[in-house]
Amino acid sequence: MSITRRQFLILTSLTGFGLTALGKTLGGHTAQSAAGYAIAANAEEAATIASLRLSRPIFRFVSLADTGTGTRGQYAVAEAMTRYHQQHPFDLAILAGDNIYNSGEIEKIEAVFEKPYQPLLDAGVKFQACLGNHDIATDNGNPQVKYAGFNMSGRYYTFRRDSIQFFALDTNYNADWKTQLPWLEKELSSSDAPWKIVFGHHPVYSAGLHGASKQLKQILTPLFEKYNVRLYINGHDHNYERTRTIKGTTYLTCGAGAGTRPVGHSEVTAHSVSKLSFAAIDIYPTHILLSGIDKNNQIFDQGVIFLKPI
């Protein structure tokens, strides 16, 4: 694909690239911008990102996971989210599990949720959670399901915001897949939402400590492909990782909401890093713009999802 002069000027003005650096990007290599984020590895994606950053999304939300420690790391990410909200308002935050360490004790909820995110909660941001492996250590996670601040209507559930339908899953070892999987297929097949986004705690693809899940690949990816799920969000591995599009779906690990672990790079990795962070997701009519944002509010990664796979 060729890039227009206007797209070139937009891209270089936004990223601080010179001609040589831009040429490397368009030649198929991921480059790092002066602003600190990774630019896409092909011309069409790079031009699309540049164009999207000049327009207003129809909906924006953030996602993070493995948060519930009450430590300095969690508060640092929470403060970064608050600063981001002041500049780029959002009213939804996805919590992809391990909401309360170490064992899901609901009596810790003030220290590990209500205090860190109080400014966001006061501003009307709604948190939607799913259960992680640490969460089910106490009463199988039932106190969290009942906790109003997590807005869970069950161990797995769905909700819609504008043109996006979200599907929250229980991916734990004791999940009731005999019931949950038919439910998921029924909900996906009946949804007329242009954008379908699924989130659960455990990764399908990952270059982090726990790695990919063969079981989740087998049971989830055929449904994602069949029903056009464009994004799966997870935690469990304490890092940030965005995959390339795999049969129409991008897989996003955002488990560095309170602490970090090392992360590698696999054949499906588009960008991975071990740093305290959250993800911001901007929804447009035909695109999604993903941004990885660290505790200092620096954007270190950006990627685009097309409504129809390219």
Side-chain angles (χ1 to χ4, degrees), residues 61-70 74 78 81 91-118 120-121 124-161 164-188 190-191 196-204 210 213 215-216 219-220 223 229 231-238 252-255 257-258 278:
F61 69 97
V62 300
S63 64
L64 67 167
D66 303 86
T67 54
T69 63
Q74 182 185 10
M81 289 170 58
D91 65 5
L92 173 65
I94 297 297
L95 284 181
D98 281 358
N99 312 306
I100 306 175
Y101 283 97
N102 283 319
S103 303
E105 309 96 324
I106 197 66
E107 59 268 21
K108 294 181 178 179
I109 195 66
E110 182 178 6
V112 304
F113 177 71
E114 294 172 352
K115 282 188 176 180
Y117 308 115
Q118 182 176 351
L120 294 172
L121 292 167
V125 175
K126 186 175 184 178
F127 286 74
Q128 300 271 176
C130 67
L131 296 173
N133 53 294
H134 284 271
D135 300 320
I136 64 171
T138 296
D139 193 19
N140 201 27
N142 289 321
Q144 292 193 42
V145 175
K146 297 175 182 177
Y147 173 64
F150 287 162
N151 294 290
M152 300 174 67
S153 56
R155 304 183 73 83
Y156 49 90
Y157 62 98
T158 183
F159 64 97
R160 182 152 178 175
R161 299 290 295 271
I164 314 102
Q165 187 155 354
F166 295 87
F167 306 82
L169 299 182
D170 177 7
T171 60
N172 286 293
Y173 75 93
N174 61 348
D176 181 12
W177 285 110
K178 288 184 179 180
T179 304
Q180 182 175 208
L181 203 59
W183 168 86
L184 178 61
E185 181 159 23
K186 178 182 177 181
E187 294 294 335
L188 287 172
S190 63
S191 174
K196 299 173 185 176
I197 297 175
V198 178
F199 64 98
H201 182 62
H202 295 82
V204 178
H210 295 99
S213 169
Q215 179 192 24
L216 291 182
I219 63 178
L220 292 181
L223 293 180
V229 173
L231 178 61
Y232 176 78
I233 298 170
N234 65 270
H236 199 45
D237 278 331
H238 297 185
L252 179 66
T253 298
C254 51
F278 66 97

J.: Are any side-chain N or O atoms of Q144 and backbone N or O atoms of F150, one a donor and one an acceptor, separated by less than 3.5 Å?
T.: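 The answer is no, because no donor-acceptor pair under 3.5 Å joins these two groups.
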J.: Output, in order, the C-alpha distance, side-chain angles, deciding distance and verdict of side-chain contact (heavy atoms from CB on, under 4.5 Å) for W177 and Q215.
T.: CA-CA 11 Å; W177 285 110; Q215 179 192 24; 4.2 Å; yes
J.: Can you tell which of D176, T179, N142 makes a side chain to side chain donor-acceptor pair (under 3.5 Å) with R155?
T.: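 Of D176, T179, N142, side chain to side chain donor-acceptor pair (under 3.5 Å) with R155 is met by N142 alone.
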J.: Looking at R161 and D91, is there a salt bridge between them, counting it only when a charged N and a carboxylate O are closer than 4.0 Å?
T.: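 So D91 pairs with R161 through a salt bridge.
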J.: Is it the case that D98 and H236 place a side-chain donor and acceptor less than 3.5 Å from each other?
T.: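 Side chains of D98 and H236: no pair found under 3.5 Å.
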J.: Applying side-chain hydrogen bond (donor to acceptor under 3.5 Å, both in side chains), run through E187 and T158 and close with a yes or a no.
T.: CA-CA 8 Å; E187 294 294 335; T158 183; 5.0 Å; no
J.: Might you point out which heavy atoms bring M81 and L64 nearest each other, and give the distance in Å?
T.: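 Of all heavy-atom pairs spanning M81 and L64, the closest is SD-CD1, 3.5 Å.
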J.: Find out whether F278 and I94 are in side-chain contact, i.e. whether some heavy atom of one side chain is under 4.5 Å from a heavy atom of the other.
T.: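 A side-chain contact is absent here, since even the closest heavy-atom pair is not under 4.5 Å.
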J.: Would you say D170 and N172 are linked by a side-chain donor-acceptor pair, where the criterion is simply a distance under 3.5 Å?
T.: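 Yes, side-chain donor-acceptor contact under 3.5 Å.
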J.: Tell me if a side-chain donor or acceptor on S103 pairs with a main-chain N or O of T138 at a distance below 3.5 Å.
T.: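 No, because the side chain of S103 does not come within donor-acceptor range (under 3.5 Å) of the backbone of T138.
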J.: Quick check for you: to the nearest 0.5 Å, what is the distance between Q165 atom CD and K196 atom NZ?
T.: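 Here the interatomic distance stands at 8.0 Å.
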J.: Could you pull out the closest heavy-atom pair between G235 and A65, with the gap in Å?
T.: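 Scanning both residues completely, I find the closest heavy atoms to be CA-CB, 3.6 Å.
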J.: Do any N or O atoms from the side chain of N151 and from the backbone of Q128 form a donor-acceptor pair under 3.5 angstrom?
T.: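 Such a contact is absent between N151 side chain and Q128 backbone.
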J.: Tell me the closest heavy-atom pair linking L181 and I219, and the distance in Å.
T.: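 Scanning both residues completely, I find the closest heavy atoms to be CD1-O, 3.8 Å.
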J.: Mark yes or no for whether T171, through its side chain, and G200, through its backbone, hold a donor-acceptor pair below 3.5 Å.
T.: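 Not confirmed, T171 side chain does not pair with G200 backbone.
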J.: Taking all non-hydrogen atoms of both residues, which atom of L95 and which atom of F199 are closest, and how far apart?
T.: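 The answer is O-CE1, 4.3 Å.
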J.: Please work out which of the three classes, parallel, tilted or perpendicular, describes the rings of F159 and Y157, given edges at 30° and 60°.
T.: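 Y157 vs F159 ring planes: parallel.
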J.: H201 pairs by side chain to side chain donor-acceptor pair (under 3.5 Å) with which of N234, N133, N99?
T.: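 Answer after filtering N234, N133, N99: N133.
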